[in-house]
Amino acid sequence: MLYRETGVFHSSYAEDQAVFKLPLDRYAVWIVVAIALFVIPLVTSNYVLTDLLTPFLIMSIAALGLNVLTGYCGQLSLGTGAFMALGGFMTYKLVTSFPTASALFGVDLPEISLFGIEPFDIWFVLMLVGTGLITAVIGLLFGLPSLKIKGLYLAITTLAAQFFLLWLFIKVPWFTNYSPAGIAPAPPQTLFGFSVTGAASPVVNRYLFVLMLTIVAALAVKNLARSSYGRSWMAIRDMDIAAEIIGISPTFAKLSAFAFSSFLIGIAGALWAFVKINSVQTDAYTILLSFQVLFMVIIGGLGTVLGSFLGAAFVVLTPILLNIGLTSMNPLLVSLGLGTISIAMIKHIEFMVFGALIIFFLVVEPHGFARLWQIAKQKLRTWPFPY
Amino acid sequence: MPGIARRLTNREARMMKRTLIGTAAAAAVLAGSLMTPATLAAEEQFFPLLSYRTGPYGANGAQLANGQIDYLKLINAKGGVNGVMLSWEECETGYKTDVGVECYERLKGNGKVAAVSPFSTGITYALLEKAVADQNVLFTMGYGRTSAADGRVFPWVFNFPATYWSQATSIMKYIIEQEGGVENLNGKKIGLVLLDHPYGREPIPTLEALSKDYGFEFLQYPVPTSSMSDQKSLWLEIRRAKPDWIMMWGWGAMNPTAIKEASLIRYPMDRFIGNWWAAAEVDVRGSGVPAEGYIGATFHDVGDNAPVFAEIREMVHDAGNGTGPAEEIGEVLYNRGVANAAFVVEAMYTAMGEFGDKALSGEEMRFGFENLDITDERIAEMGLAGVIPPTQVSCDNHEGSPAIKLQRWDGEKWEIFTDWIPAMTDVVRPLVEADAAQYAQENGIEIRTCE
């Protein structure tokens with residue numbers, strides 16, 4: 001009944017090439033975006049916005065980035081944490097070296113205020129794009145080995161990025177403007193006259209800012225994946241020799257995937273520093289983060305945009321919700337006279353349950369959450385008469 | 001409510017109000033029956049405890065947390081702070097910065113916050129601005145951002161009784177004394193074994209400055225957080241370089257490993273000095289070697305001689321309410337947990353002297369911290385002799401008057417063997433002010449004037 005193509009006629013190329021060809025899909029996505037934009041900021045608490053949803057969105061951008069590389073192009077990477085760190089440190093260097101446009105170009109962006117909105121206050125976004133470009137170039141450099149080696153061997157060479165870049169940020173104090181502990185505070189930033197990062201900025205601003213970047217990133221990945229770039233990535237992923245024979249340049253396909261992936265991951269890293277932890281420090285970008293993002297991509301579903309979001313939601317939110325859930329059981333246990341679970345035990349249970357869930361989901365559906373959704377759609381399509 | 005009330009008749013509105021109040025009361029009773037006393041009443045002072053009992057730093061973190069909670073329990077058992085009861089909730093950070101930030105956000109709304117003590121330099125840096133925005137005091141007792149000692153730039157952060165930079169200079173003073181004068185330092189080698197983490201890197205600028213002044217060679221031996229329990233190659237390097245003195249800025253599983261490796265290369269233990277996070281019982285015992293002669297810095301006495309510990313035994317542990325094992329009372333990190341809680345409670349007393357006996361807001365707590373003047377008499381009155389040093393905080397100096405004592409491991413227990421060694425404030429303060437000024441400039445903070 002639902003999700004049927006029957007009766008949906010495309011009368012133009014534009015309609016035929018739409019991301020969501022079915023009206024139902026289209027409405028559903030618009031509704032989700034509208035809820036995320038207008039309803040969630042009104043009904044949720046500050047805690048949910050800052051510490052559940054904003055990190056989820058930031059990690060979604062990182063997962064989207066890694067999905068381009070691993071999901072679409074088939075190149076395994078364990079350097080995500082390092083490229084996120086690069087994003088964080090580069091944005092910090094850019095915004096402290098060039099706090100305004102005049103510091104770089106000698107001339108300022110015009111200061112115009114329309115109804116309290118300053119349309120030219122976009123310097124921070126430009127700095128983020130600049131960060132993305134820098135991480136793209138560095139990512140491309142670390143992608144060079146992929147031209148010779150693949151699979152697990154490539155994963156090991158991307159590990160080099162993880163160790164080298166983090167070592168560099170610790171070793172060279174220039175990256176933190178000579179801060180004694182090697183931690184730089186992330187200076188607060190504005191967009192359109194609104195404060196969007198830093199502890200003093202309203203929580204809703206931070207959330208909406210990250211949300212908008214996430215939407216742009218998702219649209220970009222979705223559309224790139226449908227373009228000739230995406231097709232060449234997937235061809236390389238599915239069989240690199242065959243792809244080369246039909247005229248796809250592996251060099252170009254692999255390096256473009258590395259560059260674009262690092263671009264998104266760099267921006268995610270910058271947001272992680274500026275929006276989530278308010279400081280730029282290497283300890284926030286350990287190898288653990290690289291693995292987490294890889295888990296998101298694998299558990300969510302390789303090569304899908306939806307999977308990046310589902311995977312990020314699972315990896316970011318499950319441990320926190322488990323922890324809160326177990327902690328809130330304590331009063332109940334006390335009233336039943338059973339004593340309390342210590343917070344160390346809660347942490348251990350959290351780890352165990354989370355690990356068990358990963359195994360469970362991978363056994364039940366090796367293609368990730370996105371595949372579950374696909375199956376559900378197929379079922380809905382034939383419902384209520386499956387035969 | 002007013003919006004609804006306007007559209008209803010008076011009678012309806014009154015009835016509705018009564019129903020709502022009734023429901024609310026019932027809900028409150030229900031909720032109350034389900035909740036622990038810790039989260040019950042409104043007029044309690046809330047302690048958000050960002051602790052860590054798991055992972056490679058868990059052995060150290062657990063004692064700190066137990067000490068803090070035991071002292072809070074003791075205060076409650078004695079009737080609170082001028083009648084204001086204390087409540088607390090723990091959140092496990094695992095010493096991870098992003099988890100710590102999440103924990104802070106989770107706990108901060110649970111009541112009137114006394115002070116936030118994350119026991120992690122990484123988390124401290126991440127909370128510097130959040131604490132200001134939320135108007136919560138960040139009390140980083142002898143850790144965190146050193147330049148936060150400049151209260152003009154960091155009004156919400158307090159890091160007395162001494163910062164890492166001060167501590168490093170105090171240890172240097174001891175070394176100078178042992179070497180028989182500054183002139184003998186020329187050409188000597190002093191190594192720093194450090195956790196490669198913001199915490200471990202904090203003393204580097206000071207030691208670099210001192211090495212230029214005194215002409216000794218300053219060697220750095222960073223231990224990555226990912227391989228704290230494997231330091232073989234590093235100590236091989238140390239054996240080759242033969243530094244005359246080694247200082248250690250270590251934490252967690254790194255400390256016992258370092259002490260063991262030092263003993264394996266037969267490095268003289270009486271020339272190996274840990275800072276006050278690298279000199280606890282768990283560190284030495286965990287090393288599995290006698291480690292006789294190993295030296296550590298501290299700002300409080302060792303052992304359980306202070307009357308407060310007898311009270312904790314009697315009113316908390318014997319009442320079946322102890323947080324951790326009773327044996328750890330009197331151990332270094334446990335005592336430090338007690339000291340942390342005691343400082344906050346003293347700040348509450350100071351604030352209550354100004355604002356009255358009630359649960360205090362963040363701004364009031366800040367006043368309490370900034371006007372803290374803990375004298376020897378006051379310490380004796382609270383039964384805290386030797387647990388906290390006399391401390392005087394002011395508007396521009398949030399570090400107090402830094403000084404340390406040194407303790408030596410005799411194979412069984414720690415023994416203090418020096419008197420107070422004051423820090424080289426003349427060296428440290430200019431560095432603090434320069435770093436704070438840079439922070440203020442980068443973050444657009446107006447430096448307040450202190451009169």
Side-chain angles (χ1 to χ4, degrees), chain A residues 45-47 50-52 55 92 95-96 99 163 166-167 170-171 173 177-188 198-201 203 272-273 276-284 286-289 319-320 323-324 327-328 330-332 334-335 340 342-348 350-351, chain B residues 33-36 39 51-55 58 62 65 89-92 94 96-102 105-106 108-109 121-123 125-134 144-147 164-165 196-206 222 224-226 431 435 438-439 442-444:
Chain A
S45 68
N46 279 356
Y47 170 71
T50 47
D51 282 85
L52 298 181
Y92 171 71
V95 299
T96 49
F163 291 120
L166 289 193
W167 169 82
I170 292 171
K171 192 70 196 167
N177 287 354
Y178 305 95
S179 150
I183 304 185
S201 77
V203 170
W272 192 246
K276 161 81 182 160
I277 56 172
N278 279 331
S279 57
V280 193
Q281 45 179 301
T282 49
D283 297 274
T286 53
I287 186 140
L288 207 66
L289 194 67
I320 299 178
N323 197 302
I324 294 176
T327 313
S328 63
N330 266 341
L332 186 71
V334 168
S335 66
T340 58
S342 73
I343 67 153
M345 188 43 108
I346 286 174
K347 200 73 183 173
H348 293 309
E350 175 200 315
F351 280 138
Chain B
S33 69
L34 289 177
M35 278 179 186
T36 52
T39 50
S51 52
Y52 38 97
R53 295 167 179 275
T54 63
E89 198 173 321
E90 271 189 88
C91 184
E92 169 78 29
K96 295 193 187 88
T97 303
D98 51 339
V99 184
V101 171
E102 192 265 317
E105 295 283 345
R106 197 195 296 182
K108 75 175 185 196
T121 299
I123 300 175
Y125 270 78
L127 295 182
L128 283 176
E129 290 86 25
K130 282 182 187 280
V132 179
D134 300 331
R145 185 176 185 125
T146 294
S147 55
Y164 288 134
W165 298 358
D196 208 355
H197 183 272
Y199 148 60
R201 291 190 288 273
E202 273 280 350
I204 294 176
T206 316
T225 48
S226 50
L431 292 172
D435 190 53
Q438 189 199 335
Y439 175 86
E442 267 181 24
N443 289 273

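Just so it is clear: chains get the letters A, B, ... in the order the sequence lines come, proteins before strands, and each one is counted from 1. Since this is a predicted model, take the numbers as computed values, not measurements. Note: hydrogens, waters and symmetry copies are ignored here, and every other heavy atom, side chains too, is used.
Only the side chain of A:Tyr92 comes within contact range of chain B, with at least one heavy atom under 4.5 Å from a heavy atom of that chain. With a 4.5 angstrom heavy-atom cutoff, A:Ser342 does not touch chain B via any of its atoms. Heavy atoms closer than 4.5 Å to chain B are found nowhere in A:Ala184, neither backbone nor side chain. Contacts between A:Trp272 and chain B at a heavy-atom distance below 4.5 Å involve the side chain alone, from C-beta outward. Contact of A:Ile346 with chain B is not made at all, since no heavy-atom distance falls under 4.5 Å. Heavy-atom distances place the side chain of A:Leu288, and not its backbone, under 4.5 Å from chain B.
Between A:Lys276 and B:Asp98, some side-chain heavy-atom pair lies under the 4.5 Å cut-off. Between B:Arg106 and A:Asn323 there is a side-chain heavy-atom pair separated by less than 4.5 Å.
Not one N or O on the side chain of B:Glu105 forms a donor-acceptor pair closer than 3.5 Å with the backbone of A:Thr50.
Between chain A and the options B:Arg145, B:Arg53, B:Glu129, B:Glu102, the largest number of non-hydrogen pairs under 4.5 Å is found for B:Glu102. When the candidates B:Glu202, B:Gln438, B:Glu92, B:Lys108 are compared by the number of heavy-atom contacts under 4.5 Å with chain A, B:Glu92 comes out ahead. Comparing A:Thr327, A:Asn278, A:Ile183 by heavy-atom pairs within less than 4.5 Å of chain B, the highest count is held by A:Ile183. For the options B:Leu128, B:Thr225, B:Ile204, B:Asp196, heavy-atom pairs under 4.5 Å to chain A are most numerous at B:Asp196.
The heavy-atom pair separating A:Ala199 from B:Ala133 by the smallest distance is O-CB, 3.4 Å. Between A:Pro188 and B:Asn443, the shortest heavy-atom contact is CD-OD1, 3.8 Å.
A:Asp283 is linked by a salt bridge (charged side-chain N to carboxylate O under 4.0 Å, His left out) to nothing, counting only residues two or more places apart in sequence or in another chain. With sequence neighbours excluded, the residues that form a salt bridge (charged side-chain N to carboxylate O under 4.0 Å, His left out) with A:Glu350 are A:Lys347.
In this structure, OG on A:Ser179 lies 6.5 Å from CG on B:Asp435, to the nearest 0.5 angstrom. Atom CD1 in A:Ile343 sits 3.5 Å away from atom OG in B:Ser51 (nearest 0.5 Å).
At a cut-off of 3.5 Å, with distance as the only test, a side-chain donor of B:Glu442 or A:Asn177 sits close to an acceptor on the other residue.
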